[in-house]
Protein chains: 2
Amino acid sequence: MPSNLARPVCILGLGLIGGSLLRRLADDGHRAYGYNRSTATVAEATAAGYDAAGDLTAVLRRAADDDAIIVLATPVPALAAMIAAVAEHAPSCLLTDVVSVKTEVAALVAAGHPRARYVGGHPMAGTAHSGWAATDPDLFRGAMWMVSTPDDVEAADWRSVAALAHRAGAVVVPAADDAHDRAVAAISHNPHLTAAATAAVGAGESGLALRLAAGSFRDGTRVAGTAPELQRAMLEGNATALLNTLSETIDRLIAARDALRDHGSVEVLVADGHRARRRYEEVAAEQAPITGVEVGAPGWAAELRRQAHLGRVWLP
Amino acid sequence: MPSNLARPVCILGLGLIGGSLLRRLADDGHRAYGYNRSTATVAEATAAGYDAAGDLTAVLRRAADDDAIIVLATPVPALAAMIAAVAEHAPSCLLTDVVSVKTEVAALVAAGHPRARYVGGHPMAGTAHSGWAATDPDLFRGAMWMVSTPDDVEAADWRSVAALAHRAGAVVVPAADDAHDRAVAAISHNPHLTAAATAAVGAGESGLALRLAAGSFRDGTRVAGTAPELQRAMLEGNATALLNTLSETIDRLIAARDALRDHGSVEVLVADGHRARRRYEEVAAEQAPITGVEVGAPGWAAELRRQAHLGRVWLP
């Protein structure tokens, strides 16, 4: 029921994620408009028929008048300034975000706009490309969109943010901020580091090696092509969780190296990796729905989190 | 000039690689036939209209009568028996292979059929699937196909194996066996281990983590889905070269972990990985040809290897 999304949507930042969201909502006839600091991006978006502007104060006053949902969609380094502007010009608007690391964004919101009606979010969608030119209204189709689900969240606000994700074409996954950050360290941020190491080792061998590189190298190093500053902002913002997954990765590779050196065998790592990949494929294929929860009923947030922790999703 | 391939082709082993080669050659009207140990595979191939049999001796006698090129296309553990049978029933046929690790296959040939006219080969093509059911006549289209190019190779035999690769739709990359094995450790075997570790760490976190897994995890762990026994045969057969690349990978990840822990930064690894990925994309896009070499002229093999080491390819 995408029509649950009653409010207009105001998007701050029109890069890959924010721009794709603006396009998807506007293309579907939903009232949506955006801000971007770069006049070139504003010009591109406007020329493509979208409602975009470069005056942050004016955009936020319009959002306040509209009672719009405001979506933070800038890189992390720009967030504090955005949040301060929201606190000044549109303090009562429902606020969400589409930024990778949830505890970090929640802390920035708590510091800069402590009375915010804030419900965090994170769509698991992206490409190695960035900026307006990379935007795609279908970017979120079928993607998982985490919606922050702490115990004290307002049910109506949570419903609105979930409706935004559904309207974008995504599937909602309710989670606590810290559980989300550990999860994305494991399945998104850590893969960036292993891809980088794999790429660097491969390219360091010879021109012959890169010439012979085929599917395993192409796919395994794809995310290393993402703009370095975007990768760093994402990974360094989740340093604690990432240190744990990176250390486990190193431990597993050292154990494999020792077994290969001493016994000529990579059996354990290959078997563990194969089992993990099969499990991932099963999870990706199934999408069991969260059931028996009414949002707003006693204990609803904890029950959503519990079921999502098992891999289930929240359908409209 | 695919017509350079004058001889019939006899393929021993009709799994993903051998079966795809049989289909491609036969579909193009070239005389090709194959052997497989499994009667089920022979039945499948025959039912699909291909010339396949399960009697190794008979197939090899036919190859000897035909003066066919014999292609070793079984997994490594079956190679010694195949080579012994070739030595017995078709000793004067030109022999090549499509198996991953070249020094290992060359040693098996030297041990089991020392007078063989052997020119090794390795098509850089594959999927996470295996067996006849996964075969695809277009598997080699545009793929790199390494052809062993030692100083003492017969020019006419080398030309025939290169013509086979071209006829399959591939691009020929001349190389020494040991240089090839170091290269594939870096760009194929090492990525299998980093993919396995990445998958195991991701799946170990929670059902929530696998539910949130998106493109970086899907692509970065794809090869971990390959049958473990195939991965092991390939990786463990290249243990020495793989130990070097794996150790370098571990060193890079440890340096990144220390920098993240002590300085909150992953700058070096992310920058190195990004630069390496860009370099790979440049190499993949360009395919400069080897020039100025006449196969058979003095020093031709060394000159082919030298230019290929820079990333160039041998075009028909």
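These numbers were taken from a predicted model, which means no experiment stands behind them.
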Asker: Highest number of heavy-atom pairs under 4.5 Å with chain B: which of Ser216(A), Gly202(A), Ala276(A)?
Answerer: Ser216(A)

Asker: Grab the two heavy atoms, one from Gly264(A) and one from Glu236(B), that are nearest each other, plus how far apart they are.
Answerer: O-CG, 3.2 Å

Asker: Go through Glu281(A), Glu286(A), Arg218(A) and name the one with the most non-hydrogen pairs under 4.5 angstrom from chain B.
Answerer: Arg218(A)

Asker: Report the C-alpha separation of Leu208(A) and Leu310(B) in whole Å, then their side-chain angles, then the decisive distance to 0.1 Å, and conclude whether the side chain to side chain contact (heavy atoms under 4.5 Å, CB included) test is met.
Answerer: CA-CA 6 Å; Leu208(A) 175 66; Leu310(B) 304 174; over 6 Å; no

Asker: Using a cut-off of under 4.5 Å on heavy-atom pairs, state which of Ser265(B), Ala203(B), Ala284(B) scores highest against chain A.
Answerer: Ser265(B)

Asker: Taking Glu248(B), Arg312(B), Arg232(B) one by one, which has the highest count of heavy-atom pairs under 4.5 Å against chain A?
Answerer: Arg232(B)

Asker: Between Ala214(B), Ala271(B), Gly273(B), which residue shows the highest count of heavy-atom pairs closer than 4.5 Å to chain A?
Answerer: Gly273(B)

Asker: If I compare all heavy atoms of Ile187(A) with all of Phe217(B), which pair ends up nearest, and what's the gap?
Answerer: O-CB, 3.3 Å

Asker: Count the heavy-atom pairs under 4.5 Å between each of Val270(A), Val171(A), Asp251(A) and chain B, then report the option with the highest count.
Answerer: Val270(A)

Asker: How far apart are the closest heavy atoms of Arg257(B) and Ser247(A), and which atoms are they?
Answerer: NH1-OG, 3.2 Å

Asker: Val283(B) and Arg211(A): which non-hydrogen atoms are nearest, and at how many Å?
Answerer: O-NH2, 3.1 Å

Asker: For residues 185-194 of chain B, which residue pairs pass the side-chain hydrogen bond (donor to acceptor under 3.5 Å, both in side chains) check, not counting sequence neighbours?
Answerer: Thr198(A)-Thr194(B), Ser100(B)-His189(B), His189(B)-Asn238(B), Asn190(B)-Thr249(B), His192(B)-Gln231(B)

Asker: Chain A: which of Ala199(B), Ala224(B), Ala195(B) shares the most heavy-atom pairs with it under 4.5 Å?
Answerer: Ala224(B)

Asker: What part of Arg252(A) gets within 4.5 angstrom of chain B, counting heavy atoms only: side chain, backbone, both, or neither?
Answerer: side chain

Asker: Counting heavy-atom pairs under 4.5 Å to chain A, which of Ala197(B), Gly220(B), Ala179(B), Ala143(B) comes out on top?
Answerer: Ala197(B)

Asker: Quick one: which residue pairs count as a salt bridge (Lys or Arg N to Asp or Glu O under 4.0 Å) with a foot in residues 189-205 of chain A, not counting sequence neighbours?
Answerer: Glu205(A)-Arg182(B)

Asker: What part of Gln287(B) is in contact with chain A, defined as an atom under 4.5 angstrom from a non-hydrogen atom: side chain, backbone, both or neither?
Answerer: both

Asker: At a 4.5 Å cut-off on heavy atoms, which part of Val173(A) comes close to chain B: side chain, backbone, both, or neither?
Answerer: side chain

Asker: Let me know if Ala259(A) has heavy atoms under 4.5 Å from chain B in its side chain, its backbone, both or neither.
Answerer: neither

Asker: Select, from Ala185(A), Ala175(A), Pro191(A), Gly204(A), the one with the greatest count of heavy-atom pairs under 4.5 Å involving chain B.
Answerer: Pro191(A)

Asker: Name the region of Ala288(B), side chain, backbone, both or neither, that has any atom closer than 4.5 Å to a heavy atom of chain A.
Answerer: backbone

Asker: Among His180(A), Arg305(A), Met124(A), Arg261(A), which has the most heavy-atom pairs under 4.5 Å with chain B?
Answerer: Met124(A)

Asker: For Leu193(A) and Leu269(B), what are the C-alpha separation, side-chain angles and deciding distance, and is it a side chain to side chain contact (heavy atoms under 4.5 Å, CB included)?
Answerer: CA-CA 7 Å; Leu193(A) 293 181; Leu269(B) 180 56; 3.9 Å; yes

Asker: Which atom pair, heavy atoms only, marks the closest approach of His309(B) to Ser206(A)?
Answerer: NE2-CB, 3.6 Å

Asker: With chain B as the partner, which of Leu243(A), Ile254(A), Asp272(A) has the greatest number of non-hydrogen pairs under 4.5 Å?
Answerer: Leu243(A)

Asker: Which atom pair, heavy atoms only, marks the closest approach of Met146(B) to Leu212(A)?
Answerer: CB-CD2, 4.3 Å

Asker: Leu246(B) pairs by side-chain contact (heavy atoms from CB on, under 4.5 Å) with which of Val201(A), Leu253(A), Val266(A)?
Answerer: Leu253(A)

Asker: Heavy-atom cut-off 4.5 Å, strictly under: side chain, backbone, both or neither for Glu282(A) against chain B?
Answerer: neither

